[in-house]
Amino acid sequence: MSILKVSQGATSLTEKILKNKTLLNTLAKVSEHGTTFSATTALVMSTAVRPLAIYSTPDVEKENKQYAMANSICSGLIKFGMIEAVALPIEYAVKKIDNNPEKYLKSQTVKNLTSGVNDLATARSYKLLTQIIKLSTGFITAIPKSMLTIVLIPILMDKMFFRKSPAISNNKQIIPQLENGNKISFTGYLPKSIAKIIDNKSIQNFAKNYQNKDNDIPKHITVATDLLLTGSFAYQTNKSDKIKENRKKVLIYNNWISTGITIIGGYFADSLVKKGTSNIIDKFKQIHHADPRLGKYIEGINILRPAVIFAGIYYGLLPIISTYTAEKLDKYIKKHSK
């Protein structure tokens with residue numbers, strides 16, 4: 001009898017959590033602003049957690065630590081600024097299409113994508129397309145982000161660690177400010193531009209063929225973005241005349257090691273979490289089966305889960321491993337190349 005009461009109590013608690021309005025509203029917001037959520041998470045982790053982890057790494061030269069910390073801080077700031085400048089207008093434009101698809105999309109497009117459901121916003125093929133469009137802003141901005149990061153690292157090193165007089169005092173606006181503090185003015189044109197992409201028959205066929213893979217899309221886009229970003233950063237670091245020559249390879253090794261372990265570990269951890277929480281997700285769907293926002297809740301979960309897992313690996317324990325390993329690898333290669 002006591003075991004039954006405990007079991008019922010646990011079930012009741014689980015249902016209360018799954019019905020929590022704050023949780024549901026958060027999932028819906030993450031669904032609508034997935035890129036913003038990921039960028040904000042990365043900003044906090046890259047400017048606080050990761051630098052502390054790097055600083056605490058034992059048996060590593062101080063200046064290598066400083067470069068790695070500067071890289072993390074600059075990367076986080078630039079990523080947040082650039083993605084927000086691009087992501088917010090796109091997220092806003094997609095939301096306008098969600099709310100009024102007949103205004104922006106062809107009637108045949110709506111018919112093709114809503115096969116089997118009554119509402120376009122709940123169609124898995126449509127959600128797949130809009131999810132890719134929103135999350136791809138990180139991929140699009142990867143190369144310019146790495147370029148601006150390389151520009152900022154020497155400046156931050158001078159001001160925070162070397163404390164030299166600012167040699168580039170005129171570069172007060174590394175990222176151009178938006179006129180009058182307003183958001184990008186082309187948001188009025190974005191819904192029509194995005195609608196043209198969705199109206200394309202080949203795009204629709206792709207979405208319908210892969211609509212059952214929507215759970216993995218955020219994860220794959222994150223990995224593709226990280227690979228492009230790391231490759232671009234390595235190239236820009238090697239070319240830079242502002243970063244000390246004897247620190248470049250350690251910085252490059254650090255980034256590749258971090259990216260490699262994050263991708264492998266992230267996929268493994270995400271698959272474990274997905275399997276471990278499948279029963280909870282099924283229960284969540286049963287509880288909210290009549291809620292019109294169920295699709296957004298599930299999309300929010302699919303964005304939230306890999307974002308938190310990858311961020312936890314990349315910004316938490318990993319910096320200690322990659323910072324230490326990068327320096328040892330650099331010394332080993334130098335020693336055996338003589």
Side-chain angles (χ1 to χ4, degrees), residues 39 41-85 141-177 226 228-259 261-262 311 314-334:
T41 302
L43 177 67
V44 174
M45 300 293 277
S46 63
T47 56
V49 177
R50 186 174 173 84
L52 287 173
I54 293 170
Y55 181 78
S56 64
T57 305
D59 196 24
V60 174
E61 291 181 20
K62 182 178 179 181
E63 197 168 340
N64 283 334
K65 285 186 182 182
Q66 292 172 342
Y67 268 105
M69 291 166 67
N71 174 31
S72 180
I73 295 170
C74 294
S75 176
L77 291 172
I78 294 295
K79 180 178 181 179
F80 184 80
M82 289 196 68
I83 288 182
E84 287 305 280
T141 57
I143 292 177
K145 172 183 172 292
S146 67
M147 295 172 68
L148 286 174
T149 300
I150 295 299
V151 171
L152 268 184
I153 287 175
I155 298 173
L156 186 63
M157 288 292 291
D158 284 343
K159 290 188 175 181
M160 181 178 290
F161 300 120
F162 298 156
R163 299 186 181 279
K164 293 179 181 177
S165 300
I168 316 177
S169 57
N170 291 328
N171 286 355
K172 293 182 179 178
Q173 292 186 341
I174 299 296
I175 304 175
Q177 299 296 311
D226 286 347
L228 177 61
L229 181 59
T230 304
S232 176
F233 179 84
Y235 176 76
Q236 296 296 330
T237 299
N238 203 42
K239 283 182 59 179
S240 176
D241 57 357
K242 300 292 184 181
I243 296 176
K244 290 183 178 180
E245 200 66 34
N246 65 331
R247 304 299 173 184
K248 286 183 179 181
K249 291 194 181 298
V250 177
L251 195 55
I252 292 171
Y253 296 154
N254 196 329
N255 275 266
W256 276 118
I257 292 169
S258 297
T259 300
I261 296 177
T262 300
Y314 186 78
Y315 297 106
L317 176 63
L318 184 56
I320 299 175
I321 300 171
S322 60
T323 303
Y324 178 86
T325 306
E327 181 171 303
K328 301 309 173 190
L329 178 61
D330 181 58
K331 289 182 176 179
Y332 177 84
I333 293 175
K334 285 178 179 177

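Any value given below was found using the heavy atoms of this structure, including those in side chains, with hydrogens, waters and symmetry copies removed. Each residue takes its place number in the sequence, starting with 1.
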(message) So Glu61 and Lys331, do their side chains get closer than 4.5 Å, heavy atoms only?
(response) yes
(request) Could you grab the distance from atom CD1 of Ile155 to atom NZ of Lys242, nearest 0.5 Å is fine? (result) 8.5 Å
(request) Identify the residue among Leu43, Val44, Thr47 that makes a side chain to side chain contact (heavy atoms under 4.5 Å, CB included) with Phe80. (result) Leu43
(message) Please give me the minimum heavy-atom distance between Ala142 and Leu228, naming the atom from each residue.
(response) CB-CD2, 3.8 Å
(message) Measuring only between side-chain heavy atoms, which start at C-beta, is Tyr67 closer than 4.5 Å to Asn254?
(response) no
(request) To the nearest 0.5 Å, tell me how far Leu156 CG sits from Leu77 CG. (result) 8.5 Å
(message) List the residues meeting side chain to side chain contact (heavy atoms under 4.5 Å, CB included) with Thr141, not counting sequence neighbours, and say none if there are none.
(response) Met82, Ile83, Val86
(request) Side-chain contact test, heavy atoms from C-beta onward, threshold under 4.5 Å: evaluate it for Pro51 versus Ser72 and give yes or no. (result) yes
(message) Other residues, nucleotides and ligands only: do more than 12 of their heavy atoms fall within 6.0 Å of NZ on Lys239?
(response) no
(request) Would you please test Arg50 and Ser258 for side chain to side chain contact (heavy atoms under 4.5 Å, CB included) and show each step? (result) CA-CA 11 Å; Arg50 186 174 173 84; Ser258 297; 3.4 Å; yes
(request) List for me each residue that meets side chain to side chain contact (heavy atoms under 4.5 Å, CB included) alongside Val60, sequence neighbours excluded, and say none if there are none. (result) Thr57, Asn64, Lys65, Thr323, Tyr324, Glu327
(message) Asp59: which residues meet the salt bridge (Lys or Arg N to Asp or Glu O under 4.0 Å) condition with it, sequence neighbours left out?
(response) Lys328
(request) Quick one: pull up CD1 in Ile321 and CD1 in Ile261 and give me the separation to the nearest 0.5 Å. (result) 5.5 Å
(message) How long is the straight-line distance from OG1 of Thr230 back to CG of Asn255, given to the nearest 0.5 Å?
(response) 6.0 Å
(request) Just grab all the salt bridge (Lys or Arg N to Asp or Glu O under 4.0 Å) pairs involving residues 146-156, residues at least two apart or on different chains. (result) none
(request) First locate atom OG of Ser240, then atom CZ of Arg247, and finally report the distance between them rounded to the nearest 0.5 Å. (result) 15.0 Å
(request) Could I get the full list of side chain to side chain contact (heavy atoms under 4.5 Å, CB included) partners for Ser146, not counting sequence neighbours? (result) Leu229, Ser232, Phe233, Gln236
(message) Does any part of the side chain of Lys334, heavy atoms only, come nearer than 4.5 Å to the side chain of Lys249, both counted from C-beta?
(response) no
(message) Counting C-beta onward and ignoring hydrogens, is there a side-chain heavy-atom pair between Thr149 and Asn71 closer than 4.5 Å?
(response) yes
(message) Can you list everything that forms a salt bridge (Lys or Arg N to Asp or Glu O under 4.0 Å) with Lys248? Sequence neighbours excluded, please.
(response) Glu245
(request) Can you measure from CD1 (Ile243) to CG (Leu251) and round to the nearest 0.5 angstrom? (result) 5.5 Å
